[in-house]
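Comments concern the structure below.
We name chains A, B, ... by the order of the sequence lines, and we start the count at 1 in each one.
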Number of protein chains: 2
Amino acid sequence: MAELTGVQKQYILHWGEMGTRWGINRTVAQIHALLYLSPKALPAEEIAETLSVARSNVSTSIRELETWGIVRAVHVLGDRREHYESMKDVWEMFRLVIEQRKRREIDPTREMLRRCLADLDPKEPGADYTRERLGAMAGFFEAVTELHDQMKQVPTGTVRKLLRMGTKVRKKAG
Amino acid sequence: MAELTGVQKQYILHWGEMGTRWGINRTVAQIHALLYLSPKALPAEEIAETLSVARSNVSTSIRELETWGIVRAVHVLGDRREHYESMKDVWEMFRLVIEQRKRREIDPTREMLRRCLADLDPKEPGADYTRERLGAMAGFFEAVTELHDQMKQVPTGTVRKLLRMGTKVRKKAG
DNA sequence: CGTTTCTTTCAGTACAGACTGAATATACAG
DNA sequence: CTGTATATTCAGTCTGTACTGAAAGAAACG
């Protein structure tokens, strides 16, 4: 993977762009794309060269990918350097990312909504309306959490089954 | 809504912060939060004052919220200014946002993956592996699209039903 | 029409976060 | 130990996006 083919470049650049739109660092996303396409684990040095970014930038970005659990370091016999490889199971990868983001963003929001509802002084102007709106939003986040907890326990293979069930429900409702 | 209560401030600030983490402009998110909590439609001027941002910034941000379909302008008798109000149905709001983001981000990614698979020259080094990886990723995006199309047609009330079905599937699988 | 009120556009500025490269730390071999 | 290879940290710089304020543009009145 010293030289990138046209298709690989296309994928990596798009993935980086996509990352920025979802609040994920462009370099982090690009490195992930590169590792995902690579049949073998790559040392940081090679990643830096291939993507034309600073070696230190790779170090930080790999750390981030590791905390998400979608990239890990492996060792190669006769080479002292760490080599990094990406998880290949796409569903599992997204599940992990979603789980992390839930923990970092959904959970704190849920917490904030609870605190708001608790802090809400019934005597302040429009308290009833505020409570109603905050309550609706809190309900949404509760449901999302419930949905996520269930998803966590559904094995990858079952996802397609769920998809088909969705179709049935739709037909009944329609 | 001339003065914000402590709880309102808390909600608006958190929502703005949350926005930035998902690639949504902080001001856009804050304005949405403000309108969501407001029992009556607000003129741009008042939004600008309440949030301490430039009047022009409000104009641009409202436009963005309007293209998502979660905020609309309404007219108040005896007032020439446009007043803006947020949709209150939380599920519907998120459905709209997800739909837009799918169109802007998921669809182009799906397209890119198709193009990559089409452009892939079988003679280039590691073509088989690349095809395998791109194929897996493409499959994921196809499934996500399918899931989204179904969701679009499920009425809000049915969502909780789906949640319960998820539980059943999990129990069978477990 | 001219005036007033409100809205949008846009060129310039400010700022947050990404990125770099030098310095530092760590691991290993001889 | 000493020297070398690799990894990490961090202060400073750079860049892209958000934001501002002034100016232009619409719309509503008299």
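- The distance between atom CZ of R63(B) and atom P of dC10(C), rounded to the nearest whole Å, is 10 Å.
- Within 4.0 Å of E82(A), counting heavy atoms only, lie sugar-phosphate atoms of the nucleic acid but no base atom.
- The pair R95(A)-E92(A) meets the salt-bridge criterion, since a charged nitrogen lies less than 4.0 angstrom from a carboxylate oxygen.
- Rounded to an integer number of Å, the gap from CG of N25(B) to C1' of dT20(D) is 14 Å.
- Rounded to a whole Å, the CZ atom of R55(A) is 6 Å from the C1' atom of dA7(D).
- In the set dA28(D), dG21(C), dA7(D), dG21(C) carries the atom at the smallest distance from any side-chain atom of S56(A).
- Of the possible donor and acceptor atoms, one in the side chain of T60(A) sits under 3.5 Å from a partner among the backbone N and O of S56(A).
- Atom CZ of R26(B) is separated from atom P of dG17(C) by 7 Å (rounded to the nearest Å).
- The shortest heavy-atom contact between V71(A) and S86(A) is CG2-CA, 4.0 Å.
- To the nearest angstrom, P of dA18(C) lies 14 Å from CD of E17(A).
- Atom-to-atom, NE2 of H75(B) to C1' of dC6(C) comes out at 12 Å; the value is rounded to the nearest Å.
- Residue T60(B) places no side-chain N or O under 4.0 Å from the OP1 or OP2 atom of dT9(C).
- The residue T20(B) sits apart from the nucleic acid: no heavy atom pair falls under 4.0 Å.
- What separates CG of D79(B) from P of dA27(D) is a distance of 17 Å, to the nearest Å.
- Contact of the W22(B) side chain with the R101(B) side chain is registered, since non-hydrogen atoms from C-beta on lie closer than 4.5 Å.
- Heavy-atom distances to DNA chain C give each of G23(A) and R80(A) a nearest nucleotide, and the one nearer the 5′ end belongs to G23(A).
- For E49(B) and dT20(D), the CD to P distance is 14 Å, given to the nearest whole Å.
- Out of dT6(D), dT20(C), dT20(D), the shortest distance to the side chain of N57(A) is found at dT20(C).
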